[in-house]
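Notes follow once the structure below has been shown.
Source: prediction; values computed, not measured. These numbers come from the heavy atoms of this one structure, side chains and all, not from hydrogens, waters or symmetry mates.
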Amino acid sequence: MPERLVIMHGSTDQFVITERPAPTLTDRYRPLPNGMDHTHLTVVPAHQVRTGDVVTAFFTDGPGTRRAEHVPEAFAAHPRPLGNCQEECEECEDTRARGVAADRYVCLAPADEKADCVIVFRNTPVAIVPVDTAARFPALDSAPLLPDLFTLDDGEHGPYKALPLPGAFGPWDAISVTRATAEQIAADLPTSHTGRHLTCEWLHDTLLISSDPRLRTEPGRPGRLIRPDADGRYRIGGLRPWQHWSPAEDDPTHRPRARAAPGPSPFDQEPT
């Protein structure tokens, strides 16, 4: 993997910047906008991050050589002092509980419906694409969204990749999957606790999901026929509730935060 060695003004550490990792099931990194890559990154202390700078990574602890730890989803910074969190997020509560003066920290981005505030010590090294450089590229939200991941039976089956879904998605709603994923669901469903009374059969390009005839409320109906849409995808839902899957937590319904910041490092604090 190509690397760059970067220094930060005022620090004797060396910072290794790597390419953004490709997303996998266990490492969920949303790509950067088209054309933006690790060659456009620089390293600054957190208190020098400006509004609109694109935060892409933090670093392992020092002193010495420190390697980039990429955030799951790069975000545009909106720096602000601590103490005005509108969401009353857990990160702000934890920071207050540590009992360190608020002016020792900086909030790089406020909490929203998906993530807590991003709070770091003011001298924490941050890998950014400067706002003037970022302006030459497509907007952050133009980068492809990662597929949502779903499972059956508390993670016993899956995960299944589906098109990203809106926040209002309900567990009984349909998810949109490829033919290959639909085939995997069809193979898993009858063997699962969730689908133990269901059978799946392919009729050319149509998936037939039917229940045990003895349990049907409308005898004689063939079951649910799921045909591919114009893009060749299958919308499967309404049979049993889907559960979100995440490799980060034991709870299979947990969804990882889109942003993450490192814990406090003694090497990035100002002397007391």
Side-chain angles (χ1 to χ4, degrees), residues 1-21 29-85 89 91-92 95 98 100-112 115-141 143 257-272:
M1 177 181 292
E3 298 179 346
R4 292 175 55 227
L5 197 62
V6 180
I7 60 173
M8 183 178 75
H9 181 71
S11 173
T12 58
D13 293 338
Q14 293 183 317
F15 300 92
V16 180
I17 295 179
T18 58
E19 286 184 323
R20 191 160 180 80
Y29 296 104
R30 185 178 179 180
L32 296 174
N34 187 40
M36 186 185 293
D37 60 34
H38 72 296
T39 65
H40 301 107
L41 302 183
T42 187
V43 182
V44 298
H47 69 271
Q48 291 183 10
V49 174
R50 300 172 297 169
T51 298
D53 287 345
V54 176
V55 176
T56 66
F58 296 95
F59 291 89
T60 54
D61 287 345
T65 300
R66 306 174 64 171
R67 300 187 65 84
E69 294 185 324
H70 295 267
V71 297
E73 185 170 336
F75 61 91
H78 293 280
R80 60 187 61 199
L82 267 63
N84 57 351
C85 179
C89 70
E91 190 67 22
C92 285
T95 302
R98 288 197 285 266
V100 180
D103 60 4
R104 299 280 298 279
Y105 293 95
V106 62
C107 176
L108 296 178
D112 57 25
D116 290 346
C117 290
V118 179
I119 300 172
V120 294
F121 278 108
R122 66 190 312 272
N123 283 345
T124 298
V126 184
I128 62 166
V129 179
V131 58
D132 50 347
T133 302
R136 306 202 306 260
F137 297 94
L140 270 180
D141 59 10
R257 292 185 299 175
R259 306 183 301 236
S265 166
F267 300 104
D268 300 328
Q269 301 179 37
E270 292 181 326
T272 54

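- Here the shortest heavy-atom pairing between Pro138 and Asn34 reads CD-O, 3.5 Å.
- For the atom pair His38 NE2 and Leu32 CG, the distance stands at 11.0 Å (nearest 0.5 Å).
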Item to complete: Kindly determine whether Val118 and Phe75 satisfy side-chain contact (heavy atoms from CB on, under 4.5 Å), including the steps that lead there.
Response: CA-CA 10 Å; Val118 179; Phe75 61 91; 3.9 Å; yes
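- Closest non-hydrogen pair, Glu91 versus Ile119, comes out as CG-CD1, 3.9 Å.
- Contact between Gly35 and His40 at its shortest, heavy atoms only, is O-CE1, 3.2 Å.
- A donor-acceptor contact shorter than 3.5 Å links the side chain of Asp53 to the backbone of Val131.
- Judged purely by atom type and a 3.5 angstrom limit, Thr56 has no side-chain atom pairing as donor or acceptor with the backbone of Ala74.
- Checking each of Thr133, Leu140, Leu41, Val49 against Val54 for a side chain to side chain contact (heavy atoms under 4.5 Å, CB included) leaves exactly one that passes, namely Leu140.
- The minimum heavy-atom distance linking Ala143 with Pro33 is given by the pair CB-N, 4.0 Å.
- Contact between Arg20 and Val71 at its shortest, heavy atoms only, is NH2-O, 2.6 Å.
- Between Val43 and Phe59 there is a side-chain heavy-atom pair separated by less than 4.5 Å.
- Counting only heavy atoms from C-beta outward, the side chains of His47 and Asn123 approach each other to under 4.5 Å.
- A donor-acceptor pair is defined here as one N or O able to donate and one able to accept, closer than 3.5 Å; no such pair exists between the side chain of Asp13 and the backbone of Thr65.
- With a 4.5 Å cut-off on side-chain heavy atoms, Cys92 and Leu82 do not count as touching.
- The salt bridge (charged side-chain N to carboxylate O under 4.0 Å, His left out) pairs that include a residue from residues 123-140 are Arg50-Asp132, where partners are two or more places apart or lie in different chains.
- Residues forming a salt bridge (Lys or Arg N to Asp or Glu O under 4.0 Å) with Arg30 (at least two apart in sequence, or on another chain): Glu73.
- Minimum heavy-atom separation, Thr124 to Phe58: CG2-CD2, 4.2 Å.
- Side-chain atoms of Arg4 do not come within 3.5 Å of backbone N or O of Phe15 as any donor-acceptor pair.
- Residues meeting the side-chain contact (heavy atoms from CB on, under 4.5 Å) test with Thr51, sequence neighbours left out: His78, Pro79.
- Going from atom CD1 of Ile7 over to atom CD of Gln14 covers 8.5 Å, rounded to the nearest 0.5 Å.
- Put simply, the side chain of Thr42 reaches to within 4.5 Å of the side chain of Pro130, judged on heavy atoms.
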